[in-house]
Structures are given as C-alpha cells and as structure tokens.
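Working notes, structure below.
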Amino acid sequence: TDRPRVLSGIQPTSGSFHLGNYLGAVRQWVALQETHDAFYMVVDLHAITIPQDPAELRAATRLAAAQLLAAGVDPERCTLFVQSHVAEHTQLAWVMNCLTGFGEASRMTQFKDKSAKQGAEATTVGLFTYPVLQVADILLYQADQVPVGEDQRQHIELTRDVAERFNGRFGHTFTVPAPYILKDAAKIYDLQDPAIKMSKSASSPKGIINLLDEPKASAKKIKSAVTDTGTEIRYDPQGKPGISNLLVIHSALTGTTVPQLEEKFAGQLYGALKTELAGIVADWVTPFRERTQEFLADPAELDALLAKGAAKAREVAAESLATAYDRVGL
Ligand code: ADP
Ligand code: NA
C-alpha cells in the first residue's frame with residue numbers, strides 16, 4: 001500500500017486497561033487502521049525489564065491483546081502481534097546496541113527516573129537498553145511514523161539518530177521515522193485528584209476507571225468524582241480541573257464538542273453532568289467487557305490470531321534484518 005506505515009506498542013497488562021489508555025492511545029490505534037498501514041504489538045520483551053511471574057506475564061499478554069481486539073483493533077485492517085513472537089526484534093537490537101553510545105543511552109530521562117526509583121542493584125541492563133530495543137522495534141518495520149505521547153519523544157529522537165547513523169555508515173537501509181503526535185488524544189486525569197493523570201501506578205482505586213470493572217462500579221466512581229465548590233459547568237482546566245476532566249471524557253466518548261456540552265448543561269448542577277456521564281461510561285464498558293471475555297474464552301483462537309499476526313509481521317521484519325546483517329558484514 002502507499003499509506004504511511006505506523007508502528008506502536010503497548011505493555012501487557014496484569015489487569016484492565018483504564019479509560020486514559022483507551023482515550024489517550026488505543027482509540028487512536030483503531031482510527032489509524034483506516035488511514036495507515038498499521039503495525040501494533042504487545043511488548044512483552046519490554047515488560048521483562050522488570051521482574052515478571054511467567055504465568056502472569058503470559059496471561060497479561062493475552063489480556064492486552066483481547067482488550068485491543070475488543071476496542072476495535074482489527075487484524076483484517078492492521079498487523080497485530082506479540083513482540084517476542086518475532087525473533088528479529090532482539091536480533092536487530094544487538095546491532096543497534098553496538099551503534100548506540102553509552103553516554104547517549106545514559107541521557108534517556110525515563111531510564112534515569114525509573115532506575116532512580118529502583119536503585120542501582122535492582123535496575124537491570126535490560127531497562128538500560130530498553131530504548132535501543134525500541135529503536136529496533138521501529139526500524140524493523142520501516143515505519144514512517146510512530147504515534148507517541150510526549151514522554152516517548154526522546155526515544156523517537158534516539159531512533160532517528162541511530163537510523164541516520166546506520167544509513168550513513170552502511171548505506172541507506174532504514175526509513176527515518178517521524179514522531180506522530182496523536183490527534184484527538186485526550187489526556188484523562190484522576191477522578192479523585194485531577195492534578196495527576198489517571199494512571200495504573202499512581203491513581204487510587206476510586207480515581208481510575210478500569211474498563212473491565214463492573215459498569216455499576218465505574219458509574220459510582222464518576223458520581224463521586226472530585227469537583228470544585230462552584231456550580232457552573234464550564235471548561236476551565238486551571239480553575240475547574242475536575243469538571244473539565246468530566247467534560248473531556250464525555251466529549252471523547254460521545255463526539256459532542258466541549259462548547260456544545262457547556263451549552264447543553266448551562267444552568268444545571270454538577271450532578272446532572274455526572275449522572276449523564278456515568279450512564280455513557282456504563283454503556284460503553286458493557287459491550288467492551290463482553291467482547292474481551294469472548295476473546296479470552298477461546299485462548300486457542302486468540303493464540304492462532306496472534307500467530308497469524310506474527311507471521312505477517314515477520315515478512316517485513318525478516319527482510320529488514322537480512323539487509324541490515326548483510327550491510328554490517330554478519
Ligand atoms: P499507565 O500510565 O497507567 O501505566 P501506560 O504508561 O502503560 O499507562 O500507557 C499506555 C498508553 O496509554 C500510552 O500510550 C499512554 O500515553 C496512554 N495513557 C496512559 N494514561 C493516560 C491518561 N491518563 N490519559 C491519556 N493517555 C494515557
Ligand atoms: Na506509565
């Protein structure tokens with residue numbers, strides 16, 4: 001196809017995706033299938049940079065895939081696979097490790113943050129070279145664009161630098177990818193503390209909407225979301241972060257613009273917005289949960305689907321790897 005190619009990955013999840021994952025990433029993956037030649041993967045190799053229980057990791061990989069499928073990622077419209085099923089990722093990563101400066105890798109702020117939290121003895125070399133595996137992930141597919149959030153921008157810069165270095169030294173081999181800042185990617189905040197983003201690691205149970213939770217439980221969390229002491233339903237992220245967050249979620253799920261919502265709720269109290277949104281979220285999660293359960297109920301079918309995706313991915317990856325090894329003299 002002459003569509004631009006995109007490559008994106010998501011970590012296996014030991015539990016449910018949350019509303020931020022969906023509205024900030026997965027929903028855009030679904031849309032990009034229509035305009036791009038999309039490659040999407042569950043990045044289990046990245047997951048083992050911190051210790052994982054084997055059975056839990058395998059289950060988490062399937063669970064992430066099932067949720068992607070339930071959200072509308074369609075193997076007929078894109079290539080969906082599990083990173084470790086395509087051995088070329090680690091094979092190319094070694095070459096890229098040998099082209100990346102130690103100082104260059106040491107400047108990655110995500111590594112600095114994560115390793116500072118873990119301490120030097122608990123931090124693995126894998127965590128250190130994680131961005132280099134990401135370089136290989138992207139270059140293997142000759143991706144034109146990489147949909148990323150702001151926190152991944154530095155890794156895309158590294159990918160571009162290493163791709164240009166490889167091409168300069170060995171002849172043009174890899175497409176130099178551009179970051180693709182997602183359109184309509186909503187940033188969702190914690191329902192109890194709208195100063196922080198909704199996050200698996202940082203949010204309290206009441207602050208996060210997990211897509212696989214009982215719809216009733218999610219509705220209850222929306223109804224008890226923290227708001228300010230005013231009464232006006234108006235988008236004002238500084239002065240009214242809680243209400244603004246609820247407006248953004250409503251708008252993202254219904255397609256109604258925020259100004260339209262402000263008009264609709266003019267003169268009404270916060271409870272009216274919360275009640276309506278609670279219903280909208282419950283209506284959205286109900287079929288999502290059912291579809292996820294359907295995919296999980298037939299692991300053989302799910303595995304077959306992922307094996308097919310891996311075979312499709314490998315067609316592209318094997319060609320890139322063979323060319324790269326040849327150019328390097330391997
Ligand atoms: P978490 O922060 O909960 O651990 P991840 O870091 O695994 O989530 O993020 C997976 C994807 O979901 C990324 O593309 C990330 O940008 C997106 N994402 C995570 N939280 C939010 C949020 N609160 N709002 C918007 N997008 C988010
Ligand atoms: Na995170």
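Below, all heavy atoms of this structure are taken into account, side chains as well, without hydrogens, waters or symmetry copies. Both ligands and their constituent atoms are indexed starting at 1 by order of listing.
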Polar side-chain atom of Q154 near backbone of R107 as donor-acceptor pair, under 3.5 Å: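 Yes, Q154 side chain to R107 backbone: donor-acceptor pair under 3.5 Å.
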Proximity to ligand 1 by part of A186, non-hydrogen separation under 4.0 Å: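 Near ligand 1, A186 shows its backbone, while the atoms from C-beta on stay back.
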So is there a nitrogen or oxygen of [X] less than 3.5 Å from a nitrogen or oxygen in ligand 1?
{"X": "K200", "answer": "yes"}
{"X": "I188", "answer": "yes"}
{"X": "N21", "answer": "yes"}
{"X": "A25", "answer": "no"}
{"X": "Q11", "answer": "no"}

contact_flag S8 ligand 1 heavy-atom lt 4.0 Å: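 S8 does not count as a contact of ligand 1 under the 4.0 Å cut-off.
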Proximity flag H18 to ligand 1, non-hydrogen atoms under 4.0 Å: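 It does; at least one heavy atom falls under 4.0 Å.
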Per-atom contacts, ligand 1 versus K197 - under 4.0 Å to a heavy atom: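 Going through ligand 1 atom by atom, the ones under 4.0 Å from K197 are 2 (O), 19 (C), 20 (N), 21 (C), 23 (N).
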K187: numbered ligand 1 atoms lying under 4.0 Å from its heavy atoms: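 Checking each atom against K187, I get 24 (N), 25 (C).
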Considering all heavy atoms, the nearest G230-D228 contact: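 G230 and D228 have their closest heavy atoms at N-OD2, 2.9 Å.
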Note: R58-D44 ion pair, threshold 4.0 Å (strictly below):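 A salt bridge is absent here (no side-chain N lies under 4.0 Å from a carboxylate O).
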CZ/F174: more than 12 non-hydrogen atoms of other groups inside 6.0 Å: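 Above 12, so yes.
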Whether over 12 other heavy atoms sit under 6.0 Å from K200 NZ: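 Yes, NZ of K200 has more than 12 neighbouring heavy atoms, counting only those of other groups under 6.0 Å.
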Donor + acceptor pair across side chains of S320, Q142 (<3.5 Å):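 On atom types as modelled, these side chains qualify, holding a pair under 3.5 Å.
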Full working for ring-ring contact (aromatic ring centres under 6.0 Å, His included) between F111 and H155: CA-CA 11 Å; F111 173 75; H155 292 173; over 10 Å; no
